[in-house]
Structure formats: structure tokens, C-alpha cells
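Reading through the C-alpha cells given below for one structure.
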Amino acid sequence: MRRSSVTGPVVVIGDTLLDRDVEGVVNRLCPDSPVPVLDETTYVDRPGGAGLAAVFAAAQGAEVALVTAIAHDAGGARLSSLLAAAGVQLYALPLAGATPEKIRLRVRGRVLLRHDRGGTPGDPGEPGEAVLQLIARASAVLVSDYGRGVAGQPALRAALAATRAPVVWDPHPRGPAAVPGVRLATPNEAEARELAKAAPGASRLVTAARGAQALRDRWRAGAVAVTLGGEGALLCHAGTTPLVVPAPASAEGDTCGAGDRFAAAATLAVARGALVSEAVQAAVAEASAYVADGGVTAALPAPVRARPDRPAVEAGPAFPAVAHGGGDRIGPAAAGAVIAEVRAAGGTVVATGGCFDLLHAGHVATLQAARQLGDCLVVCLNSDQSVAGLKGPDRPVVPEGDRSRLLAALSCVDAVLIFDEPTPHAALSWLRPDIWVKGGDYATGGGEETLPEAEILRRWGGQTVVVPYLDGRSTTDMIAAARAGGRGTPGGPTVTRSGTTAVRSTAEGAR
């Protein structure tokens with residue numbers, strides 16, 4: 001296979017869904033209806049649709065950016081977290097309506113029932129300049145269309161038509177036609193039959209060949225590869241004789257996601273300089289091995305799997321719930337509602353973040369200054385797990401449930417969102433605030449470029465700013481002084497109340 005250095009990110013564009021596999025056992029029928037009762041034992045959340053294709057590509061070591069539409073609801077929050085954990089850079093477009101979800105109820109690996117929710121697809125919002133530049137500098141682009149509107153967004157289609165990067169198009173019968181000139185289109189048999197309006201009665205290969213040629217002519221595509229499940233793929237490219245690429249071995253198993261694996265593998269191969277025929281052969285081998293090895297559950301990287309200590313009923317598919325309740329200002333539902341209301345009125349969304357362990361006057365001053373910059377303030381709060389990873393096993397002093405309630409009680413805070421990751425990048429990709437506020441100690445490093453969140457904000461045209469700290473307040477020194485028996489430290493006043501000592505020191509801010 002021909003190979004060259006990849007000079008830009010692999011960009012995946014399309015509709016992302018939240019998939020959940022619920023595994024359980026059936027031992028009885030429902031008493032009021034003759035249907036089986038599933039007793040849930042485990043569950044796994046994962047990105048579906050274009051999100052799954054992006055996860056597959058990132059797992060192969062590529063730099064992957066996903067352009068998709070994410071709603072401001074719990075499902076959207078969960079997707080942002082899962083994609084960040086998989087190493088996918090998320091360029092989220094606004095999405096009207098709800099995040100689409102597919103819930104599969106399974107017994108011994110077999111699907112008993114699939115429950116879809118999310119309703120009628122909402123219209124995706126306009127891409128920002130950062131998204132258009134991303135497409136222009138891509139090494140390859142995969143359009144993973146699931147018929148929910150992203151692939152039909154006019155500005156995205158114009159950018160796809162203008163890019164010099166090879167484009168692979170994985171179509172959907174409810175979606176738009178491929179942009180003219182794509183390098184490769186990858187429908188499956190059913191999609192090719194429906195899209196090409198193939199007449200019945202011909203053999204399987206004849207139907208696939210006719211459909212591929214019709215789509216290639218209609219879309220002015222370089223090539224069309226029709227995937228044939230366990231039989232491999234049929235490639236229609238130069239000339240009139242198609243190329244049949246057989247699967248290396250017949251495999252039985254869960255085929256969910258096999259089409260996404262095929263399209264992602266073909267895109268990576270094209271990005272690395274492979275001919276289309278070589279890319280299709282590599283994709284057939286990848287998809288066949290994927291099914292043989294156990295399908296999507298075995299293929300996903302470990303960070304994408306569900307945390308066993310976060311049961312599905314606790315918080316739904318979202319960032320962690322507050323451990324001890326929380327009220328109407330805490331959690332993804334509260335944050336999403338606040339943001340939707342402010343944006344509907346044309347207002348400005350402000351966000352800030354940190355550990356906020358032992359809330360003190362310096363924290364409050366920063367939060368008040370942040371709130372004055374817009375029409376709402378969402379606080380991204382490090383969970384107990386996140387704080388321990390950053391600060392050590394003896395932190396936090398105050399658990400996340402209490403920290404979130406204290407913050408939510410402040411008049412300057414409109415919502416609190418708890419996140420598990422070391423950084424708030426996943427939360428920010430979902431919130432998409434207009435302004436992200438950091439405390440004053442970041443101002444000493446030479447400007448915005450020192451802020452780790454600055455690049456994330458630029459994806460949707462947001463702005464990072466710094467506000468001054470109230471000098472002489474530090475959570476770390478407060479804890480150290482309290483543990484030293486309230487003796488204080490040289491160089492500053494000490495105030496003791498209920499066993500807690502505050503000392504003057506270099507400002508630590510929200511940490």
C-alpha cells in the first residue's frame with residue numbers, strides 16, 4: 001500500500017447519536033402483559049453514528065476532529081464526555097431539539113428490543129470559521145451521514161466541495177446526495193438498492209454493480225464501494241468492470257458498527273496515500289476482523305465504556321450526578337436549560353471552572369466578576385475523582401455534593417456542571433460558552449496563549465478572559481494552616497473561625 005505522511009487531521013462530519021447497550025437477564029414475564037421482564041445487570045454507553053466512526057479512527061492513532069451537532073441536554077453532555085475520553089477533538093454545532101439516542105436491550109449478547117428516542121431531527125446550526133478552516137486543512141474527510149441533517153448543512157457542503165482533501169462519503173437513504181467529486185462513497189447493499197432505485201430480480205452482485213455504477217454517475221464520484229457484509233465489498237471505479245474484494249474469512253457476530261469501521265479504515269488509508277482499491281481492501285480486512293473479534297463492545301477503547309460506579313438510573317447519559325441530590329441548578333439538565341433560555345433571548349453565556357474546595361472570598365470575587373460579563377454563569381466543577389487526580393488522595397476536603405450546593409446557592413451562579421475528567425474540555429465542548437473566565441494568576445504567563453482552554457473556545461468563536469483574584473486567599477494554604485493547628489504562616493494575617501485558618505499567600509483561586 002502506498003503511504004505518505006499525514007499533514008492534517010482526519011475530519012469526520014455527520015450525525016452523532018448516543019448508543020447504550022443494556023445487558024440483563026430474563027427470568028419471568030410481566031404480570032400485566034405477556035412480555036419478558038429484563039433485569040439490568042450492566043450497561044455501556046458509546047458514541048454512535050459519526051461519533052463511532054471518529055472513535056474508531058482515533059483508536060488507530062490518527063489525529064481526529066469530529067464536526068457534528070450536539071444538543072444542550074443530558075445526552076449531549078454524555079456524548080461530549082465520551083468523545084473527549086476517546087481522544088476525539090469535538091467541533092460541535094448547535095442542535096435544535098434533543099440528542100438522538102438508541103438503547104438496545106440485550107440478553108446474552110442478543111438484542112431483545114431497541115428503544116429509539118430523540119424525536120424528529122432538529123436543524124443543525126451554522127459552522128464557525130474554525131470549522132471551515134479545519135475542513136480546508138484536513139488530510140482526509142469522512143462524511144458519516146445518518147440522515148439527521150448535518151451532511152446537508154449548506155456551509156459544510158460548500159466547504160466540502162472546495163477542499164483539496166480526499167472525501168469519503170458514507171451515505172444514508174434519508175440524507176442528501178454526496179457532494180460531487182468525492183473520492184469514494186461506501187453504501188451498503190440495502191442503501192445502494194434504495195438510493196439507486198435498483199430493479200428487483202437480478203442477482204446480488206449484478207444489483208450491487210448496477211447500483212454502484214448508477215451512484216457513481218449521479219454523484220460524479222471517483223469510486224463507489226458497496227459493502228456486502230460477510231462477503232466483502234464490490235468496488236466500481238475506473239472502467240466498466242467492478243472489482244470484488246472478498247472478506248479474508250467468514251465471521252459470525254455482532255455487525256453493529258461494521259459499516260462505520262469500514263468507512264473509517266478506508267478514510268485513514270486514503271489519508272495515508274493509498275489507492276482507492278488498496279483502501280477498500282484494507283477496509284474489508286478491518287471490518288471482517290472487527291466482527292470476528294466481537295464487534296463494537298470489544299473494539300471500543302476502555303475510556304469510552306461506562307463507569308461501573310455510575311449506574312444508569314442515577315444521572316442518565318450525562319456527566320455525573322450530584323452524590324446527595326442537588327436541586328434545580330445542578331447537573332446537565334439545569335445547565336442546558338439555562339443556556340437555551342439565554343441563547344433564545346440573544347444573551348451571552350459565561351462559564352468558569354475549578355475545584356472550589358473550601359469556598360472562600362477569593363472564589364466569590366472571581367465568580368461575581370465572571371457573572372458581570374454576560375447573562376448567565378455556568379460553573380464547571382471538578383468531581384471528587386477529578387480533584388483527587390489533580391491534588392492527591394487527601395483532596396478534596398469537601399465532597400462534590402456539598403461543593404456544588406454551596407456554589408449553586410450563590411446569587412451570581414446560574415448552574416453547576418460536575419465533570420470527572422482532569423480538564424473541563426469535554427464540558428466546554430458541550431456548553432460552548434461565549435466567554436470562558438480564568439482567575440488572575442494565569443495573566444502572568446503572557447496572555448491568552450497560555451490558557452489551555454483557549455484553543456477549545458476558538459472552535460466556536462468563543463473568547464477566554466482573565467479576571468483578577470482577591471489577593472491573599474488560597475485554598476491550599478487554608479488547608480495547610482488548619483492542619484498545622486491554626487498557627488498561620490509568616491508574612492500575613494491569620495483569621496480563624498470554627499477551626500479553619502485563612503492566610504495571605506500567592507492566590508490559588510478556584511483550585
Should the pair [X]-[Y] be classified as a salt bridge under the 4.0 Å nitrogen-to-oxygen rule?
X: Asp21; Y: Arg46; answer: yes
X: Asp384; Y: Arg403; answer: yes
X: Arg329; Y: Asp414; answer: no
X: Asp45; Y: Arg20; answer: yes

Exam field: side chain [X] to backbone [Y], donor-acceptor pair closer than 3.5 Å:
X: Asp328; Y: Ala334; value: no
X: Trp430; Y: Ala71; value: yes
X: Ser81; Y: Ala77; value: no
X: Thr163; Y: Ala159; value: no

Hey, could you give me the [atom1]/[atom2] distance between [X] and [Y], rounded to the nearest 0.5 Å?
X: His115; Y: Leu105; atom1: NE2; atom2: CG; value: 9.0 Å
X: Gln372; Y: Leu377; atom1: CD; atom2: CG; value: 11.0 Å
X: Tyr91; Y: Gln133; atom1: OH; atom2: CD; value: 9.5 Å
X: Leu195; Y: Arg218; atom1: CG; atom2: CZ; value: 7.0 Å
X: Trp460; Y: Leu90; atom1: CH2; atom2: CG; value: 8.5 Å
X: Ser144; Y: Leu52; atom1: OG; atom2: CG; value: 8.5 Å

Between [X] and [Y], do the side chains contain an N or O donor and an N or O acceptor separated by less than 3.5 Å?
X: Asp420; Y: Ser386; answer: no
X: Asp434; Y: Thr348; answer: no
X: Gln153; Y: Glu126; answer: yes
X: Arg343; Y: His72; answer: yes

Exercise for review: Could you walk me through whether Asp170 and Thr186 pass side chain to side chain donor-acceptor pair (under 3.5 Å), step by step?
Suggested key: CA-CA 5 Å; Asp170 193 7; Thr186 62; 3.3 Å; yes
* Give a yes/no verdict on a cation-pi contact between Arg261 and Tyr290, requiring under 6.0 Å between NZ or CZ and the six-membered ring centre and an angle within 45° of the axis. => no
Heavy atoms of other groups near Asp375 CG, more than 12 under 6.0 Å:
yes
(message) Are there over 12 heavy-atom neighbours, none belonging to Glu341, within less than 6.0 Å of that residue's CD?
(response) no
Mind checking whether [X] and [Y] have side chains closer than 4.5 Å, heavy atoms only?
X: Ile13; Y: Ile135; answer: yes
X: Leu142; Y: Val11; answer: no
X: Pro424; Y: Trp436; answer: yes
X: Arg183; Y: Val276; answer: yes
X: Leu93; Y: Pro127; answer: yes
X: Ser404; Y: Leu381; answer: yes
X: Ser288; Y: Phe262; answer: no
X: Ile70; Y: Arg432; answer: yes

Where does the angle between the aromatic ring planes of His172 and Tyr146 fall among parallel (under 30°), tilted (30 to 60°) and perpendicular (over 60°)?
tilted
Of Arg106, Lys102, Arg104, Arg114, the one forming a salt bridge (Lys or Arg N to Asp or Glu O under 4.0 Å) with Asp19 is Arg104
One pair to check against side chain to side chain donor-acceptor pair (under 3.5 Å): Thr227 and Glu189. What are the steps and the verdict?
CA-CA 6 Å; Thr227 56; Glu189 282 184 275; over 6 Å; no
Give the C-alpha distance, both sets of side-chain angles, the deciding distance and a yes or no for side chain to side chain donor-acceptor pair (under 3.5 Å) between Glu63 and Gln89. CA-CA 8 Å; Glu63 178 191 357; Gln89 302 171 21; 3.3 Å; yes
